[in-house]
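One structure is given below, encoded as C-alpha cells.
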Amino acid sequence: MPITKVLIANRGEIACRVIRSCKKLGIKTVAVYSEADAKSLHVASADEAVAIGPAPAKQSYLVIDNILKAARDTGADAIHPGYGFLAENSDFATAVAGAGMVWIGPTPQTIDDMGDKERARQLAKDADVPVLTGSRRFEPGDVAGLEEAAQAVGFPLLVKAAAGGGGIGMRRVDGPGDVKTVVEATQALAEKAFGDGSVYLEKLIEKARHIEIQVFGFGDGRGVHMFERECSIQRRYQKVVEESRAPNLPLEMLSKMAESAVALVRQERYRGAGTIEFVVDAVTGKYYFLEMNTRIQVEHPVTEAITGLDLVGLQIKLAGGDALRDLTQDKITATGHAVELRIYAENPVKNFMPSPGPLKVFRLPPAGEGLRVDTGVREGDQISFHYDPMIAKMIAHGPSRLAAIDRMLKALDGTTIDGVATNIAFLKKLLSHPAFRAGDCWTGFIPAHAAELLQG
C-alpha cells in the first residue's frame, strides 16, 4: 500500500528535510515536538503536530510509546526516524512494525547487526571487505587477556565502544601501560552513553583519511552506490567538513572501495539508504572497513548535489512498495563537486563550547546558484542547551572543487547571526587555508593547524 501520511520522529533541520520530500511526493506529514520545540520550524512546516513530552530528549524524542501514540492518534501509516535519537534503535523499528505502520529504514535485524561494531566487522570480512586488525569484545569488568590482545593489535590503537557511534566512545592508546585504564574508562562511558559498556581494540592508522560510501539497498540482494564522501576534516572524531568527490585519491581505489561497500549491501540484503565508512591509510593507500550507519546521514546533501537524487524521497518510495527498478548503477552519475559545512552555535576559541541562546539576528544568503541551506530554525528562535547546537547546514555545488569552496566562502560572507557565538569565522579560515584548498585532507588536519585556524 502506498504511504499516505508520515510521522517524523525527530526535530530540527532533518525533520524539515523529510517534510520537504514528503510534500514533493504528495504525502501528509506529522511532526512531534517537546515543550522546548512547540514553536519550532519543523512544527510549523508539518501538516499536523503532536506534543510528546518535556524538553529533555529522554522524556520526549526518545520515548517510543509517546511517538507511537502520536502516530496512531493522527492516522500516520509510516514513521521516518531521521538521524540521531531513535534512528538506529531496533526496538523502535520493531515497535513501529508491530503497530501496523511502515518503518522507513532497514530491518531491525540489520540495525542490530551493524550497530554491534564487532559483529559488523565479521560481516564485512564475510563479504571480503578489508578490515583493520582488531580484538574480541571486552565486557565491563572483563580484562582477561587484555594486554595480550593489545600487543596482537599493535600500538597505537583505539579502544572503541561496540555499540558506539558519532565519534563517542573512542579513545587512543599509545602504549601498553595505558591499556587497562583507558579500557575501563571507555567501558564506563559506553555504558552511560549507549547502555552497553562492551568495547574492543582496533589498530589505529596514524595518517588517516575518513571516506564513506553512500549506498542504497533494495532488500532483495540488489544494491548501488552514490559515490564517496570525504569526511576527514574532523575534531574529536566529529565531522566538520564533508565533500564529494574525495580530492587527491585514485579513482581506481575509490571504485574498489565502492564495490566493497555494495558487496556488503548485497550480502546483507540491506534495505534503504545507508553509509559504509572506511579509513584510508594515506601512506600505503590501503582502505579498511570501519562501520555502517543504518540511516540517512547528516551529510547526505553533498551526495544529492552531485547526483541530483533525492535520497530521502527514495527511502520513502522504497518503504511504500516501489521496487525502484530504474535505479541502476549505470544511471547514477556524478557532476561537479559539492562541499557541506555545519554552522554551530559554539565558541571555537573556548574549545568549541556550545553557545545556547536566542537567534536575535539570523540572515542567510538565498538558496540557488549552487547553494543549498538546510536549517530547522528562524530568526527569534532559541538554540536550546537540550539538543545539538547545529544552526544550519550549507551545501555549495560547483563545476570544480575550488569553485565549490569559493561559492561557500561567499555564502559565509553573506551570513549574519547574532545572539549566539558561532563557528563561522573558524570555517572561513579552514576553507581559506592553503593546505585545505590543495586537498590535503586527513583526520589530524584541524589539530595540526589549530594555531592558524583559531588565531584571532
Report task. Give the intermediate values and the outcome of salt bridge (charged side-chain N to carboxylate O under 4.0 Å, His left out) for residues D381 and K39. Result -> CA-CA 8 Å; D381 285 353; K39 297 181 180 179; over 6 Å; no
Do V215 and M292 touch side chain to side chain, with heavy atoms closer than 4.5 Å? yes
message: What I want to find out is whether E242 reaches R342 closely enough, with some N-O distance under 4.0 Å, to be called a salt bridge.
response: yes
- Task: Just say parallel, tilted or perpendicular for the rings of F445 and H449, cut-offs at 30° and 60°.
- Result: tilted
Query raised in the report: Are the charged groups of R209 and E230 less than 4.0 angstrom apart, N to O?
Result: yes
### Query
How about R121 and Y200: do any of their side-chain heavy atoms sit closer than 4.5 Å?
yes
Does this structure show an ion pair linking K23 with D47, if we count only N-O contacts that are shorter than 4.0 Å? no
Fill in: Working for side chain to side chain contact (heavy atoms under 4.5 Å, CB included), residues I276 and V265
CA-CA 9 Å; I276 299 181; V265 167; 4.2 Å; yes
### Query
Are W103 and P81 close enough that some pair of their side-chain heavy atoms sits under 4.5 Å apart?
yes
* **Electrostatic pair R17-E13, nearest N-O below 4.0 angstrom** => no
request  = Carefully, step by step, assess N347 and S355 under the rule side chain to side chain donor-acceptor pair (under 3.5 Å).
outcome  = CA-CA 7 Å; N347 193 332; S355 175; over 6 Å; no
Side-chain heavy atoms of V302 within contact of V339, under 4.5 Å:
no
* Give the C-alpha distance, both sets of side-chain angles, the deciding distance and a yes or no for side chain to side chain contact (heavy atoms under 4.5 Å, CB included) between E299 and C231. => CA-CA 9 Å; E299 58 272 19; C231 301; 4.1 Å; yes
| message | Can you confirm whether the side chains of R236 and Q234 place a donor and an acceptor under 3.5 Å from each other? | response | no
Original post:
Hey, are R235 and E346 close enough for a salt bridge, meaning a charged N less than 4.0 Å from a carboxylate O?
Top reply: yes
- [ ] Could you please spell out the steps behind the side chain to side chain contact (heavy atoms under 4.5 Å, CB included) verdict for Y61 and Y33?
- [x] CA-CA 8 Å; Y61 295 107; Y33 62 92; 4.0 Å; yes
Pair E369, K410 - check salt bridge (charged side-chain N to carboxylate O under 4.0 Å, His left out), show working. CA-CA 12 Å; E369 293 295 323; K410 184 178 179 181; over 6 Å; no
Q. Can you tell me if T74 uses its side chain to pair, donor with acceptor, with the backbone of A71 under 3.5 Å?
A. yes
* Asked: So, the side chain of E88 versus the backbone of T294: is there a donor-acceptor pair under 3.5 Å, distance only?
  -> yes
message = Show, in sequence, the C-alpha distance, side-chain angles and deciding distance for D418 and K360, and conclude whether the salt bridge (charged side-chain N to carboxylate O under 4.0 Å, His left out) test is met.
response = CA-CA 5 Å; D418 190 23; K360 296 178 180 177; over 6 Å; no
> Hey, are E202 and K117 close enough for a salt bridge, meaning a charged N less than 4.0 Å from a carboxylate O?
Replying inline: no
dist N248:CG -> C441:SG (nearest 0.5 Å) comes out at 7.5 Å
inquiry  = Could you tell me if the side chain of L359 sits less than 4.5 Å from the side chain of E379, heavy atoms only?
reply    = no
Check your understanding: Salt bridge or not for K160 and E291, using N-O below 4.0 Å?
Key -> no
Distance-only donor-acceptor check, side chains S384 and Q382, under 3.5 Å:
no
**Q.** Residues R245, L251; criterion side chain to side chain contact (heavy atoms under 4.5 Å, CB included); working and verdict
**A.** CA-CA 10 Å; R245 302 194 67 186; L251 288 177; 3.8 Å; yes
Ionic contact status for E259 with R266, cut-off 4.0 Å: no
Please check if atom NZ in K28 has more than 12 non-hydrogen atoms from other residues, nucleotides or ligands closer than 6.0 Å. no
* To do: Answer with yes or no whether the side chains of D310 and S21 bring together a donor and an acceptor at under 3.5 Å.
  => yes
Heavy-atom donor-acceptor pair, K393 side chain to V298 backbone, under 3.5 Å: yes
The single option from L157, L189, L158 that satisfies side-chain contact (heavy atoms from CB on, under 4.5 Å) with R171 is L189
### Query
Among side-chain atoms of T303 and R229, is any donor-acceptor pair under 3.5 angstrom?
yes
Check the orientation of F426 and F352. Use parallel for under 30°, tilted for 30 to 60°, and perpendicular for over 60°. perpendicular
Considering only heavy atoms from C-beta outward, does the side chain of L341 approach that of L412 to under 4.5 Å?
yes
Rounding to 0.5 Å, atoms CD (E277) and CZ (F289) come to a distance of 9.0 Å
Discussion item. I'd like to check M253 versus V280 (side-chain heavy atoms, cut-off strictly below 4.5 Å). Are they in contact?
Written reply: yes
*Is there side-chain contact between I8 and H42, with at least one heavy-atom pair below 4.5 Å?*
no
Validation row, ring centre F92 to ring centre F85 under 6.0 Å: no
| message | Less than 4.0 angstrom from a charged side-chain N to a carboxylate O is my criterion; do R437 and D406 meet it? | response | yes
Is the terminal nitrogen or CZ of R401 (NZ for Lys, CZ for Arg) located under 6.0 angstrom from the six-membered ring centre of F436 and within 45° of that ring's axis? yes
Requested in this report: Would you indicate whether K239, at its atom NZ, is surrounded by more than 12 heavy atoms from other residues, nucleotides or ligands within a distance under 6.0 Å?
Outcome: yes
Of all heavy-atom pairs linking P365 and L371, the shortest is CG-CD2, 3.7 Å
Any ion pair linking K286 and D281 (charged N to carboxylate O, less than 4.0 Å)?
no
Between M390 and Y83 the two heavy atoms that sit nearest each other are CE-OH, 3.5 Å
